[in-house]
There are 2 protein chains.
Amino acid sequence: MALRETRAAPRLTVDCVVFGLDDADLRVLLVERANPPFRGMWALPGGYVTVGEDLEAAARRELREETGLDRVFLEQLYTFGAPGRDPRGHTVTVAWFALVKLADHAVRAATDARDAAWFPVSDLPPLAFDHGGILEVALARLKGKVRYQPIGFELLEERFTLTQLQRMYEAILERPLDKRNFRKKVLSLDLLEELPEVQRDVAHRAARLYRFDRAAYARMQERGIDFEI
Amino acid sequence: MALRETRAAPRLTVDCVVFGLDDADLRVLLVERANPPFRGMWALPGGYVTVGEDLEAAARRELREETGLDRVFLEQLYTFGAPGRDPRGHTVTVAWFALVKLADHAVRAATDARDAAWFPVSDLPPLAFDHGGILEVALARLKGKVRYQPIGFELLEERFTLTQLQRMYEAILERPLDKRNFRKKVLSLDLLEELPEVQRDVAHRAARLYRFDRAAYARMQERGIDFEI
DNA sequence: TCAAAAGTGTTAACCATACACCCATGC
DNA sequence: GCATGGGTGTATGGTTAACACTTTTGA
């Protein structure tokens with residue numbers, strides 16, 4: 001079996017679920033389809049994997065080509081391969097989820113003819129293919145993962161306030177968190193570096209700025225210690 | 001891009017990491033390769049996905065064909081697609097992990113020419129392709145998942161003693177657990193049904209038998225309650 | 001001086017951990 | 001009667017969760 005040369009094989013694509021945080025809104029990046037099937041509908045950015053191309057490289061290439069995004073946090077999500085998911089023929093897609101600092105890429109236009117836009121996850125248009133289902137899996141993964149791994153920082157700017165950090169967790173977890181307990185908890189983890197700076201140009205008391213301390217997290221991982229928020 | 005008919009595409013396979021529990025030993029099922037490349041080496045059971053075939057169905061079919069296993073617990077693990085992982089050409093594999101009651105399948109021979117055998121995960125032969133790496137990912141997933149989801153029961157017989165349950169967790173987590181705390185914890189979850197039966201033919205006090213209560217777990221999930229061991 | 005958000009402690013309930021002995025059974 | 005594993009409770013420390021007011025700043 002291992003050496004058999006099967007003539008017909010499923011096609012292979014990658015699709016990306018890209019999340020961004022707009023104030024307190026979790027958003028996802030979609031592209032408008034320029035061609036059938038599902039012409040005019042919104043879909044996840046993605047496309048075919050070529051021979052000799054690594055899967056993650058394919059995902060990054062498609063993101064760059066279709067949305068202009070580059071150097072994003074990317075993690076494999078799941079592989080979807082139901083025979084009927086693409087009406088053109090059996091196509092297996094390796095789905096990825098990405099987290100970006102939305103401010104860096106706010107209204108960036110697509111580089112090819114299609115439109116790209118950020119939609120709040122709470123108010124999505126109908127999606128092409130099985131992309132609605134893929135997005136749901138991505139949301140569940142994000143929700144589950146953000147509490148145990150510091151991936152949420154990928155959504156924030158380099159420097160942030162504790163309130164911004166809390167809003168991010170609330171947006172992802174879809175529930176309010178207690179301010180005092182949240183601050184106690186995140187500060188006790190020793191993963192935030194307090195900066196000698198505060199917010200500027202706000203019409204109220206300026207908040208302290210913090211930065212995620214990657215080195216401290218690496219040390220924590222080496223010692224095999226978990227964290228949880 | 002979406003409609004482009006690319007001529008060359010990576011091949012698509014599935015591979016399965018099948019775990020079984022032998023007493024207090026976690027074991028994995030391997031098959032001996034009958035053909036080059038890596039002829040004579042041990043490898044994960046797997047093979048090509050055919051057009052129109054669901055990925056999970058392909059994994060089940062390969063397991064059945066190569067090892068005789070049927071009706072096993074199967075879950076998608078990760079998709080590996082580095083261009084150099086198969087010397088015959090770019091091949092992307094969707095890896096699955098499976099849990100089986102080893103006693104049911106103890107010395108089952110492979111149905112085609114190859115040999116199949118159970119190896120303790122603590123003492124493995126060198127593996128073909130990148131299968132060693134895939135196995136490591138599977139072990140990490142099993143370790144992480146078993147504490148939050150009742151998948152470990154797939155490794156045990158329908159009826160089991162609390163000591164057998166504890167041995168299973170110890171084998172997977174690779175650390176000893178305290179007997180009294182373990183019993184308190186698992187019984188407090190209300191996921192075990194105490195049976196009106198005890199062990200037979202043992203040279204010491206016979207232990208109470210329990211059964212995993214799937215209905216209770218389903219109710220717990222509906223109410224959105226987590227468990228942790 | 002007002003509006004807006006920043007910042008801060010205590011208490012009570014719960015949960016995790018550490019730990020050692022007697023019991024039932026078969027040989 | 002002895003060897004083997006089965007079965008059981010308590011005390012301590014740490015963690016989570018609930019909860020409200022004062023401070024700072026700019027307009």
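Chain letters run A, B, ... following the sequence lines, proteins first, then strands; residues in each count from 1.
- Among the atoms of the strands shown, none is found under 4.0 Å from any heavy atom of A/T161.
- Under the 30°/60° scheme for interplanar angles, the aromatic rings of A/F19 and A/F97 are found to stand perpendicular.
- Of all heavy-atom pairs spanning B/L209 and B/R159, the tightest one is CD1-NH1, 4.2 Å.
- Atom pair B/D201:CG and D/dG5:P shows a separation of 16 Å (rounding to whole Å applied).
- B/L165 has its CG atom 15 Å from the C1' atom of D/dG6, to the nearest Å.
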At a cut-off of 3.5 Å, list every protein nitrogen or oxygen paired with a nitrogen or oxygen from nucleotides 14-18 of chain C, distance to 0.1 Å.
| unit_1 | atom_1 | unit_2 | atom_2 | d |
| --- | --- | --- | --- | --- |
| C/dA16 | OP1 | B/K185 | NZ | 3.1 |
| C/dT17 | O4 | B/K184 | NZ | 3.3 |
| C/dA18 | N7 | B/N181 | ND2 | 2.9 |
| C/dA18 | N6 | B/N181 | OD1 | 3.1 |
| C/dA18 | N6 | B/K184 | NZ | 3.2 |

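- Rounded to whole angstrom, the span from the CG atom of A/L177 across to the C1' atom of D/dC19 amounts to 15 Å.
- Using a 30° and 60° split on the angle between ring planes, B/W42 and B/F119 fall in the perpendicular class, above 60°.
- Using a 4.0 Å cut-off between charged side-chain N and carboxylate O, B/E75 and B/K145 make a salt bridge.
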For nucleotides 21-27 of chain D, give me every protein contact, N/O to N/O, under 3.5 Å, one pair per line with atom names.
| unit_1 | atom_1 | unit_2 | atom_2 | d |
| --- | --- | --- | --- | --- |
| D/dT23 | O2 | A/R205 | NH1 | 3.3 |

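- Rounded to an integer number of Å, the gap from CD of B/Q199 to P of C/dG26 is 11 Å.
- The shortest heavy-atom contact between A/P45 and A/L63 is CG-CD2, 4.1 Å.
- In this entry the distance linking CZ of A/R208 with C1' of C/dA5 reads 16 Å, nearest Å.
- Put simply, CZ on B/R200 is 18 Å from C1' on C/dC27, counting in whole angstrom units.
- In this structure, A/F182 atom CZ and C/dT8 atom C1' are separated by 16 Å, rounded to whole Å.
- Within the structure, a side-chain polar atom (N or O) of A/T163 is placed less than 4.0 Å from OP1 or OP2 of C/dA6.
- Side chains of B/T163 and B/R183: a donor-acceptor N/O pair is present below 3.5 angstrom, by distance only.
- Atom CD in B/Q166 sits roughly 14 Å away from atom P in D/dG5 (whole-Å rounding).
- Across every non-hydrogen atom of A/Q166 and A/D178, the tightest pair is NE2-C, 4.2 Å.
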task: Evaluate the criterion salt bridge (charged side-chain N to carboxylate O under 4.0 Å, His left out) for residue pair A/E170 and A/R167; output intermediate values, then yes/no.
output: CA-CA 5 Å; A/E170 290 175 332; A/R167 295 276 169 275; 3.0 Å; yes
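- Using a 30° and 60° split on the angle between ring planes, A/F227 and A/Y217 fall in the perpendicular class, above 60°.
- A sub-4.0 Å separation between OP1 or OP2 of C/dG7 and a side-chain N or O of A/R183 is present.
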